Amino acid sequence: MNSKVRVRIAPSPTGFVHIGLARTALFNYFFAKKNKGDFVLRIEDTDKERSKKEFEEDIINNLKWLGLNWDEFYRQSDRVDIYKKYIEQLLKSGKAFWCLHTEEELEQESERQYTAKEAPRHICEHKRKNLKPESGQSGVIRLAVDSNADNAIIFNDIVRGKIKFDSKLLGDFSIAKSPEEPLYHMSVVVDDYEMKISHVIRGEEHLANTPKHILIQEALGFDTPAYVHLPLILNKDRSKLSKRHGAVSVGEFRGQGYLPEAIINYLGLLGFTPKGDREVLSFAELTGEFELERIHKAGAIFDYQKLDWLNGEYIKKMNPQNFAERLFDFMEGQGIESGRKSVENIVSLVQTRLRKLSDIKDFDYLFKEPEFDKNLLKWKGEDIGKSFDALREVLVIVEKSGVDDMSRLRDMLNGLSENIGGKGLVFWPFRVAITGKESSPDPVEVAKVIGKEKTIARVKKALNFEK
RNA sequence: GGCCUCGUCGUCUAGCCUGGUCUAGGACAUCGCCCUUUCACGGCGGUAACACGGGUUCGAAUCCCGUCGAGGCUGCCA
């Protein structure tokens with residue numbers, strides 16, 4: 001047995017990269033890197049009908065975006081000859097056989113079993129008859145499973161412990177449509193063997209497939225790798241995470257302005273907890289802390305709020321130049337009008353206010369003139385006329401001393417506040433005039449960012465409401 | 001239906017293996033207070049959980065059994 005750690009992820013390119021795959025990939029990656037092993041990416045595209053090139057590209061792009069770089073890459077459609085060799089070997093030795101039952105026959109059988117409350121399985125009488133489909137006849141290749149023996153399949157799952165299945169409940173399950181068309185169970189087993197995979201770390205949905213894989217390994221004389229089944233990521237209702245409760249593809253998260261480091265951090269803590277109670281951990285820290293033995297057993301609901309919080313933490317932590325760059329790139333990618341220079345200017349006032357980059361949409365007034373309702377200018381408990389009075393004074397101050405010296409401007413506005421009876425009476429209408437919103441950063445800072453000219457224009461425009 | 005897995009605050013979890021230190025700890029969310037021109041940030045504080053029932057034991061979140069609940073698989077998909 002090869003003692004080098006080699007792990008793999010085996011996505012099928014039948015949809016956009018799901019967050020569950022990203023998590024599985026991440027745990028495999030952690031384990032590989034922690035143990036100086038290899039991380040293999042294998043595209044499982046044996047289903048020609050459903051596999052699409054665009055999804056393969058999506059897998060590659062998003063895995064890279066997350067920083068999960070693989071050491072080796074394979075594509076099952078390039079490996080047909082290898083599977084064929086093993087399938088023929090099984091056929092020749094009688095460990096596999098052609099089943100020529102029609103789909104209708106099989107359907108009837110399983111219906112009968114369901115009503116009779118039996119285990120659903122197909123014990124095929126074509127076994128050992130050495131049949132072959134005639135031209136035009138359809139059939140499938142099945143593994144010959146001994147359904148009489150009391151043959152328990154026992155394996156050890158590193159997170160779940162000893163797991164026992166009864167092999168006679170499996171029936172003669174299918175492994176290939178033809179020697180050139182392996183089915184999932186066959187191709188995984190062959191590839192994991194050929195690629196010398198030491199640990200199979202995959203989602204819990206594969207737990208029930210494991211005995212089938214072990215049976216194929218036995219038939220082929222392969223060693224069994226170590227198995228680790230990860231707890232599922234769940235929707236709010238505890239079903240397997242799916243579309244319709246929110247974003248589930250990595251691409252969607254990316255498009256909403258989540259940072260890869262936040263996604264990695266969040267995913268790394270879903271189903272795993274390092275020692276200590278830290279929650280904000282870098283990729284390297286997570287890798288260093290990783291141990292298969294600490295993986296959880298129970299599924300975990302995907303908590304979008306906590307991801308948002310973490311993403312906000314990463315945004316706040318970033319140095320301003322770096323943040324400005326990423327925000328600008330994001331905005332450009334989303335077709336939001338800005339400019340590299342103006343994005344740099346707004347960093348100080350949005351960095352603590354964004355949880356995801358797409359939240360920048362709430363700050364559109366930094367880039368264009370706001371629209372708002374006249375009554376918004378009214379400060380609580382006061383007559384709207386007082387707002388206009390204050391704005392007229394603000395206008396004078398801004399025209400006279402500009403907006404660049406913030407502490408001076410703030411001092412003057414504070415002085416004005418004392419004269420007319422309260423800061424709110426000055427700052428509230430000023431804020432509304434230049435942002436059109438009831439909540440925003442300090443209007444003095446906003447004024448500086450948009451500049452004297454625009455500040456004056458906006459205050460004047462607000463004053464027009466008076467007429 | 002059959003097989004398999006799982007079950008600590010609303011959510012993610014610590015603790016469980018090696019019973020007492022658990023009047024169950026942390027984080028997100030939520031609520032309240034402080035800061036304050038609004039929002040955000042920040043600071044402080046609160047509410048909130050061992051699924052249930054038996055057993056073992058001086059003592060159980062921790063060990064055993066059962067019940068209930070949830071999920072996964074049950075494809076000529078992966």
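Just so we're clear, the structure is a prediction, and the values are computed from it rather than from any experiment. A, B, ... follow the sequence lines: proteins, then strands. Residue 1 opens every chain.
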Greater than 12 external heavy atoms within 6.0 Å of A:Asn130's CG: no
Sugar-phosphate, base or nothing in reach of A:Glu279, heavy atoms under 4.0 Å: base
Sugar-phosphate, base or nothing in reach of A:Arg160, heavy atoms under 4.0 Å: sugar-phosphate
Spacing of the P atoms in B:G53 and B:A78 (rounded, Å): 47 Å
ring-ring contact (aromatic ring centres under 6.0 Å, His included) partners of A:Phe253, counting only residues at least two apart: A:Tyr258, A:Phe302
Sugar-phosphate only, base, or nothing, as touched by A:Lys437 at under 4.0 Å among non-hydrogen atoms: nothing
Results of ring-ring contact (aromatic ring centres under 6.0 Å, His included) for A:Tyr74 - residues two or more places apart only: none
Sugar-phosphate only, base, or nothing, as touched by A:Leu413 at under 4.0 Å among non-hydrogen atoms: nothing
Pair assignment for B:C33, Watson-Crick or G-U wobble, requiring both distances under 3.5 Å: B:G43
Sugar-phosphate, base or nothing in reach of A:Pro211, heavy atoms under 4.0 Å: nothing
Lys/Arg-Asp/Glu bridge criterion (N-O < 4.0 Å) met for A:Lys297, A:Glu204: no
Pairs meeting criterion salt bridge (charged side-chain N to carboxylate O under 4.0 Å, His left out) with involvement of residues 314-323 of chain A, two or more places apart: A:Glu313-A:Lys316
Integer angstrom distance from the C1' of B:G25 to that of B:C34: 26 Å
Sugar-phosphate only, base, or nothing, as touched by A:Lys164 at under 4.0 Å among non-hydrogen atoms: sugar-phosphate
Separation between the C1' atoms of B:G75 and B:C17, rounded to whole Å: 39 Å
Sugar-phosphate only, base, or nothing, as touched by A:His296 at under 4.0 Å among non-hydrogen atoms: sugar-phosphate
Touch class at under 4.0 angstrom, heavy-atom based, for A:Arg355 against every strand present: sugar-phosphate
Rounded distance in Å between the C1' positions of B:U23 and B:A27: 22 Å
Complementary nucleotide of B:G75, counting Watson-Crick and G-U pairs under 3.5 Å: none
Gap in Å between the two C1' atoms, one belonging to B:U8 and one to B:A61, rounded: 7 Å
Nearest-nucleotide 5' precedence on RNA chain B, A:Arg353 against A:Leu207: A:Leu207
Nearest-Å distance once atom P is located in both B:G45 and B:U67: 46 Å
Of A:Lys240 and A:Lys236, the one whose closest RNA chain B nucleotide lies more 5': A:Lys236
Touch class at under 4.0 angstrom, heavy-atom based, for A:Ser12 against every strand present: sugar-phosphate
Sugar-phosphate only, base, or nothing, as touched by A:Gly276 at under 4.0 Å among non-hydrogen atoms: nothing
Paired nucleotide for B:U38 [Watson-Crick or G-U wobble; both distances under 3.5 Å]: none
Can you give the donor-acceptor pairs under 3.5 Å from side chains of residues 358-368 of chain A to other protein atoms, not counting sequence neighbours?
{"unit_1": "A:Ser358", "atom_1": "OG", "unit_2": "A:Gln256", "atom_2": "O", "d": "2.8"}
{"unit_1": "A:Asp359", "atom_1": "OD2", "unit_2": "A:Arg355", "atom_2": "N", "d": "3.0"}
{"unit_1": "A:Asp359", "atom_1": "OD2", "unit_2": "A:Lys356", "atom_2": "N", "d": "3.1"}

Residue pairs involving residues 407-442 of chain A (criterion ring-ring contact (aromatic ring centres under 6.0 Å, His included); sequence neighbours excluded): A:Trp379-A:Trp428
Touch class at under 4.0 angstrom, heavy-atom based, for A:Ser174 against every strand present: sugar-phosphate
Range on RNA chain B touched by chain A - first to last nucleotide, heavy-atom distance under 4.0 Å: B:G1 to B:A78
Strand partner of B:A60, provided both Watson-Crick or wobble distances fall under 3.5 Å: none
Partner nucleotide of B:G10 by Watson-Crick or wobble geometry (both distances under 3.5 Å): B:C28
Plane angle bin for A:Phe290 and A:Phe272 - parallel if under 30°, tilted between 30 and 60°, otherwise perpendicular: tilted
Test: A:Glu291 and A:Lys275 ion pair at under 4.0 Å: yes
Sugar-phosphate, base or nothing in reach of A:His101, heavy atoms under 4.0 Å: base
Watson-Crick or G-U wobble mate for B:U67, both contacts under 3.5 Å: B:A51
Gap in Å between the two P atoms, one belonging to B:A14 and one to B:U62, rounded: 16 Å
Sugar-phosphate only, base, or nothing, as touched by A:Ser178 at under 4.0 Å among non-hydrogen atoms: nothing
Sugar-phosphate only, base, or nothing, as touched by A:Gln113 at under 4.0 Å among non-hydrogen atoms: nothing
Whole-angstrom distance between B:C44 and B:C28, as gauged at atom P: 12 Å
